[in-house]
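Since the structure comes first, as structure tokens, the remarks are kept for the end.
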Amino acid sequence: MPKVTVTVTLKPALLDAQGRTIQEALHSLGYTDVANVRVGKVIELETANPADVTAMCEKLLANPVMESYKIEVDG
């Protein structure tokens, strides 16, 4: 059964407060060359019908108003 990885992140136009906090923490640790940190989530699943995953994202896995998603199928 194919393995599907869905990566969900906030749309670029939205402020990512968690990403901003992580970036500031990295800077305080001396990693000052880090920029544009964005935080998201990764959802892995196996399905016999990878074509259904877009609908799954639109209905449940992501909030299409605020989030973008990327689907990768392996196998």
Side-chain angles (χ1 to χ4, degrees):
M1 199 172 320
K3 177 180 173 184
V4 180
T5 303
V6 179
T7 304
V8 180
T9 57
L10 285 173
K11 289 188 174 179
L14 296 176
L15 174 65
D16 185 339
Q18 191 176 11
R20 179 70 181 209
T21 299
I22 291 171
Q23 181 176 314
E24 290 174 1
L26 289 170
H27 287 180
S28 72
L29 292 172
Y31 301 104
T32 56
D33 60 341
V34 175
N36 300 318
V37 176
R38 305 290 290 178
V39 175
K41 59 187 172 189
V42 175
I43 303 162
E44 295 179 342
L45 57 102
E46 293 180 357
T47 177
N49 298 307
D52 290 344
V53 176
T54 297
M56 293 177 195
C57 289
E58 295 290 327
K59 293 176 182 175
L60 178 69
L61 302 178
N63 177 348
V65 174
M66 300 175 50
E67 298 173 320
S68 300
Y69 57 87
K70 179 176 68 174
I71 300 169
E72 297 174 76
V73 180
D74 184 24

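In this text the structure is predicted, and so the values were computed from the model without any measurement.
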Candidate pair Val42 and Glu44, rule side-chain contact (heavy atoms from CB on, under 4.5 Å), full reasoning: CA-CA 7 Å; Val42 175; Glu44 295 179 342; 4.3 Å; yes

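- In terms of heavy atoms, Pro50 sits closest to Val4 at CB-CG2, 4.1 Å.
- From Thr47, atom OG1 reaches atom NZ of Lys3 across 14.5 Å, with rounding to the nearest 0.5 Å.
- Checking side-chain atoms of Arg38 against main-chain N and O of Leu10 turns up a donor-acceptor pair under 3.5 Å.
- Rounded to the nearest 0.5 angstrom, Asn63 CG and Ser68 OG are separated by 10.5 Å.
- A heavy-atom distance below 4.5 Å is not found between the side chains of Val53 and Val73.
- In this structure, OG1 in Thr54 is found 3.5 Å from CD1 in Ile71, a value given to the nearest 0.5 Å.
- Judged as a side chain to side chain contact (heavy atoms under 4.5 Å, CB included), and not counting sequence neighbours, the contacts of Glu24 are Arg20.
- Heavy atoms only, all atoms of each residue included: Ala62 and Val8 are closest at CB-CG1, 4.0 Å.
- The distance from the OG1 atom of Thr9 to the NZ atom of Lys41 is 10.5 Å, given to the nearest 0.5 Å.
- Atom CG of residue Asp16 and atom CD1 of residue Ile22 lie 7.5 Å apart, to the nearest 0.5 angstrom.
- A continuous path of ILVMFWY side-chain contacts below 4.5 Å connects Val6 to Leu60, so both sit in one hydrophobic cluster.
- Among residues two or more places apart in sequence or in another chain, the salt bridge (Lys or Arg N to Asp or Glu O under 4.0 Å) test is passed with Glu46 by none.
- The distance from atom CG of Leu61 to atom OG1 of Thr7, rounded to the nearest 0.5 Å, is 11.5 Å.
- When all heavy atoms are compared, the tightest approach of Ser28 to Ala25 is OG-O, 2.7 Å.
- Both Val39 and Tyr31 are part of a single hydrophobic cluster, where members link through side-chain heavy atoms under 4.5 Å apart.
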